S.K.: 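Below is the structure I would like to discuss, written out as structure tokens.
Lettering of chains follows the sequences in order, A, B, ..., and the numbering in each one begins at 1. For clarity, every value in this text was computed on a predicted model and none was experimentally measured.
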Amino acid sequence: MTATKINDLPTVYDAKATEEDIYKFWEEGGYFKANAKSKKPAYSIVIPPPNVTGVLHMGHALDETLQDILIRYHRMSGYETLWVPGTDHAGLATQNVVEKNLAKEGLSRYDLGREKFIEKTWEWTNKHKGAILDQCKRLGASFDRSRERFTFDKGCSDAVKEVFVRLYEKGLIYKGKYIVNWCPRCNSAISDVETEYATEQGHMWEISYALKGESGAIIVATTRPETMFGDVAIAVHPSDHKYSELIGKTVIIPLSGREIPIIADEYVDKNFGTGAVKITPAHDPNDFEVGKRHNLKPIWVIDTEGKMKACGEVPQQFHGLDRYEAREKIVGLLSYENFLLRTREHEHNVGKCQRCGTTIEPLLSEQWFVKMEPLAREAIKAVKDGRIKFIPDRWEKNYLGWMENIRDWCISRQIWWGHQIPAYYHKVTGEMVVAKENPDPENYVQDTDCLDTWFSSGLWPFSTMGWPDTDSDDFKKFYPTSTLVTGFDIIFFWVARMITMGLEFTGKAPFSTVFIHGLIRDEKGQKMSKSKGNTIDPVKIIDKYGCDALRFTMTSLCTYGGQDIKMSEERFEYGRNFANKIWNASRFVLMNLDGVDDKDIDFDKLTIADKWILDKLNKTAKEVNENIKDFRIGEVAHILYDFFWNSYCDWYVEIAKIQLQDGSLKLNTQRVLKYVLDMALRMLHPIMPHITERVWQLIPKTSGDAIIVSDFPVYSDTFDFPKEAQEMELVFETITSLRNIRQSFNISPAVKCDIEIRAALKEKVVFEAIEAYIKRLARVENISYADGSAPVPPKSASAVVSASKIVIPLADLIDLDAETARQQKKLDKLLSEKKSLEGRINNPKFVANAPQELIQQTKTRIAEIEIQEKNITDLIKSLNS
RNA sequence: GGGCGUUUAGCUCAGUUGGUAGAGCGCCUCCCUUACAAGGAGGAUGUCGGGAGUUCGAGCCUCUCAACGCCCACCA
């Protein structure tokens, strides 16, 4: 970094002018590169690969920031860290984008043909692949770009084929005809988790099916009359007395004339609708099951585009009509011909395609599935036995609930962009071979379907590490990964699949912790989406407020419970103001470091204020480490904000101004100022990387070449000064009281006044020790003391002001009795806790049965209490002496 | 139908084993005190959703009611 004159630094932190240079400095310095041969313990994260079609949004910004914080923290804490970046080929999403572009030229993918289309899509992909990761650089992401991966690159493709073939050979992948969720717009099957349900106001039509050969009819309630031509039976409940005589009889489908039986099946709810259900196995999952039980052959009446089929069962006038248009016409005709008995308003849930919102058509078709139950067993165990931990743990229940009721995963998609299914069919015999490569391209053709995008992302933690080559350096060093950071919205899509696949193919859980954070919402709590126009562009925020401001604000809003975050632009002022505070406090310290050396702090020369700030810093380091390890990242932000602003800036720096003027204290004060700044910056670095690096480079005589690889501060008992820390709190209380009194008497801050403290003379000594601080920080010229035997008036208004002299009863400055009482109470509480802990530890039953860890904890706590006990006792003594 | 979450200061929200309620913003008063007005000093503000219980003591634990939100299931 270039040397900079401290006095030339701007008084307002200029994020824009800083961040790019700093990022370049890290990148060129190779600080992000992981070394697989390192002897240090490994800490690794794989990025949830954003879609190549994606544009960076607030959700990414949060997710990437949290990962970067963990990576940077561990990098500074002695780990060999690897953060793998990459993108997802996003099958359908990408295909849709490219198709849209083609449509502008008046072309469809069918005009190009499969091969050309894929070529085009690769072209598009290669052009856009880096974009979103480049945007992540603006976030300060310290990922190892040399290891960037793509879910459709050679390595991932090889892994996909390997996994598919192995699962097939194990009987865990099968092909079959089942009802799937079909999106008529995407023209593809989608999986259960890709189907979202929305409540819609619809109708329930009651239709009369006439009995064959006798008078009478059975009345059936349906929401989907257009499927009636696919009916293969009418079902009633076996114990339904209304219909018991009709079971086994035949009815005639209105408008079509086809004959179908009345059957009995437990599936029917006697109390819903009319108690009689039409059975359409080709277009309803429940009906499909009923049909199977009764050996009824399904009849397709709606095609893959959602149009009525031109088949014998469907009356000609409906052929080719869209399903909704057909519904309307059929209802009209039923009504006209008196088959329609009743129409009711009916609210029901309708499945929608997660990607395009089109209403799903349940369709019987031939698809590939993964048999999940055997895979889920281990995935459940891994979470139950603690190999994988969810943070917050309530997501564990959510995950287990889903896993325990797992259904087979439909993995085939009728699209072109994606991993083509490695199954090959003999051109003549149709014989199928599942293999990594085509056994004989002359005679075999590959299955035309592609795999669900999540199939390849499910392998991400190990496909990025070189698997199936389990001997690769990265795999050996960095797999399994450490933490997975993501939003709860993709637990089923992605997290669950990674866990099952990871366990099945590597025998290990792909990560030990799943850190789930909330979703970013707009200020009204609504989901951000482009169509609603309520998005906030993180890049714009970075331009305006700075990356560190964005990161700090977001981080501070993360709660341990992982609540969703309501976001509005003004909130980033919080982080920006803090960055500015860091900048200016640093500037002040740097400007006052002339003549400082690289020696350690001289403990013999520490003032009470020095000891207080060092004690506070030390405690802060302890809390920060604990909270990061517990994933209480928001708490870390708050602790650091409070320490830096309220302790370091508001009190210590102000006190240092006094000490710097004292020749005998100057050098050591400089050392303390420098040391505390240095350590504070290090602790802030994971959250606010740029500004901390920038300032750190300006600190004279620091060892090490960059804060990014400096050691993260840890607690050390050599910096414990509990007595001084307590006493200093009295100083603050005194000064605050004085300021309060001054203001209540309208004494201008410009006026320095004298004060006379009336108190018992024995307390004089307490104040004499801190006179310098009081004089400066409460703007006092002289302090004198008078005996407290003078009448003690009531609080606050009791100070007497005359000729800029304030006479104040001590009780107004600081209530020593109350302080004593407070400390006594604290002490009592500690003692009672100690008593109960000792009772526990002295109980032989407890010692025999409790886990070793708990016993150790109890002992440690008792020791802790004893130390505090001593401190408080000392303090009470000094208060009363 | 099942599960989860939320309800605390005007607003947005923290509050880790129960021990005298906190932050940021906003508001009021004063201040350009030579790091910072994106700042400094001082101040006001809450029967912690309602009710009941356990406890010496409950924002926190138990029960119950209410409102809002989310997830899963999917009765045609």
S.K.: Can you tell me the pairing partner of B/rC74 across any strand shown, Watson-Crick or G-U wobble, with both distances under 3.5 angstrom?
M.R.: none
S.K.: What is the distance, to the nearest angstrom, from the CD1 atom on A/Ile639 to the P atom on B/rA23?
M.R.: 15 Å
S.K.: Tell which nucleotide pairs with B/rG57, taking only Watson-Crick or G-U wobble pairs whose two distances are both under 3.5 angstrom.
M.R.: none
S.K.: Report the distance from atom CG of A/Leu519 to atom P of B/rG69, rounded to the nearest whole Å.
M.R.: 17 Å
S.K.: In terms of ring plane angle, is the pair A/His348 and A/His346 parallel, tilted or perpendicular, where the classes change at 30° and 60°?
M.R.: tilted
S.K.: Please state how far atom CD1 in A/Ile516 lies from atom P in B/rC70, giving the value in whole angstrom units.
M.R.: 19 Å
S.K.: What is the pairing partner of B/rU62, taking Watson-Crick or G-U wobble pairs with both distances under 3.5 Å in any strand?
M.R.: B/rA52
S.K.: How long is the line joining CH2 of A/Trp645 and P of B/rA35, in whole Å?
M.R.: 16 Å
S.K.: Relative to the 5' end of RNA chain B, which residue comes earlier, A/Phe488 or A/Tyr13, by the nucleotide with the nearest heavy atom?
M.R.: A/Tyr13
S.K.: In whole angstrom, give me the gap between the P atoms of B/rU34 and B/rA41.
M.R.: 14 Å
S.K.: If you measure from the P atom in B/rA21 to the same atom in B/rU47, how many Å do you get, rounded?
M.R.: 14 Å
S.K.: If each of A/Phe578 and A/Tyr267 is mapped to the nucleotide of RNA chain B with the nearest heavy atom, which maps nearer the 5' terminus, i.e. the 5' end?
M.R.: A/Phe578
S.K.: Return the nucleotide paired to B/rC27: Watson-Crick means purine N1 to pyrimidine N3 with N6-O4 or O6-N4, wobble means G-U with N1-O2 and O6-N3, both under 3.5 Å.
M.R.: B/rG43
S.K.: How long is the gap from CG on A/Asp231 to CD1 on A/Ile279, to the nearest 0.5 Å?
M.R.: 8.0 Å
S.K.: Using the C1' atom on both, measure B/rC60 against B/rU16 and round to a whole Å.
M.R.: 11 Å
S.K.: In terms of the angle between their ring planes, are A/Trp645 and A/Phe578 parallel, tilted or perpendicular, with boundaries placed at 30° and 60°?
M.R.: parallel
S.K.: Please state the C1' separation for the pair B/rA66 and B/rU45 - nearest whole angstrom.
M.R.: 27 Å
S.K.: Can you tell me how far P in B/rC4 sits from the matching atom in B/rC63, rounded to whole Å?
M.R.: 11 Å
S.K.: Under the 6.0 Å and 45° cation-pi test, does A/Arg632 pair with A/Tyr560?
M.R.: yes
S.K.: Can you find an N or O donor on one side and an acceptor on the other, under 3.5 Å apart, linking the side chain of A/Asn398 with the base of B/rC71?
M.R.: no
S.K.: Rounded to whole angstrom units, what separation is found between the NZ atom of A/Lys581 and the P atom of B/rA37?
M.R.: 9 Å
S.K.: For A/Ser568, report the nucleic acid contact type (base, sugar-phosphate, nothing); a contact means any heavy atom under 4.0 Å.
M.R.: nothing
S.K.: For A/Glu573 and B/rA38, give me the distance from atom CD to atom P, rounded to whole Å.
M.R.: 10 Å
S.K.: Has the side chain of A/Arg576 got a donor or acceptor that lies under 3.5 Å from a partner of the other kind on the base of B/rA38?
M.R.: yes
S.K.: For A/Ile406 and B/rA73, give me the distance from atom CD1 to atom P, rounded to whole Å.
M.R.: 10 Å
S.K.: Expressed in whole Å, how much space separates the P atoms belonging to B/rU8 and B/rG59?
M.R.: 15 Å
S.K.: Determine the contact category for A/His283: base if any of its heavy atoms lies under 4.0 Å from a base atom, sugar-phosphate if only primed atoms, P, OP1 or OP2 are that close, otherwise nothing.
M.R.: nothing
S.K.: When the C1' atoms of B/rG46 and B/rG10 are considered, how many whole Å apart are they?
M.R.: 11 Å
S.K.: For A/His237 and A/Ser239, indicate whether the former's side chain and the latter's backbone hold a donor-acceptor pair under 3.5 Å.
M.R.: yes
S.K.: Per the atom types in the model, does the base of B/rA41 pair as donor or acceptor with the side chain of A/Glu654 at under 3.5 Å?
M.R.: no
S.K.: Under 3.5 Å for both donor-acceptor distances, Watson-Crick or wobble: does B/rU34 have a partner, and if so which one?
M.R.: none
S.K.: Hey, is the main chain of A/Leu777 close enough, under 3.5 Å, to the side chain of A/Arg739 for a donor-acceptor pair?
M.R.: yes
S.K.: Counting Watson-Crick and G-U wobble pairs only, both distances under 3.5 Å, name the nucleotide matched with B/rA67, or none.
M.R.: B/rU6
S.K.: When rounded to the nearest 0.5 angstrom, what distance separates OG1 in A/Thr199 from CG in A/Asn349?
M.R.: 4.0 Å
S.K.: Could you tell me whether A/Asp650 contacts a base, only the sugar-phosphate backbone, or nothing, with contacts defined as non-hydrogen atoms closer than 4.0 Å?
M.R.: sugar-phosphate
S.K.: To the nearest Å, give me how far apart CG (A/Asn577) and P (B/rG24) are.
M.R.: 12 Å
S.K.: Please pick, from B/rC13, B/rU16, B/rA35, the nucleotide with the shortest atom-to-atom distance to any side-chain atom of A/Thr559.
M.R.: B/rC13
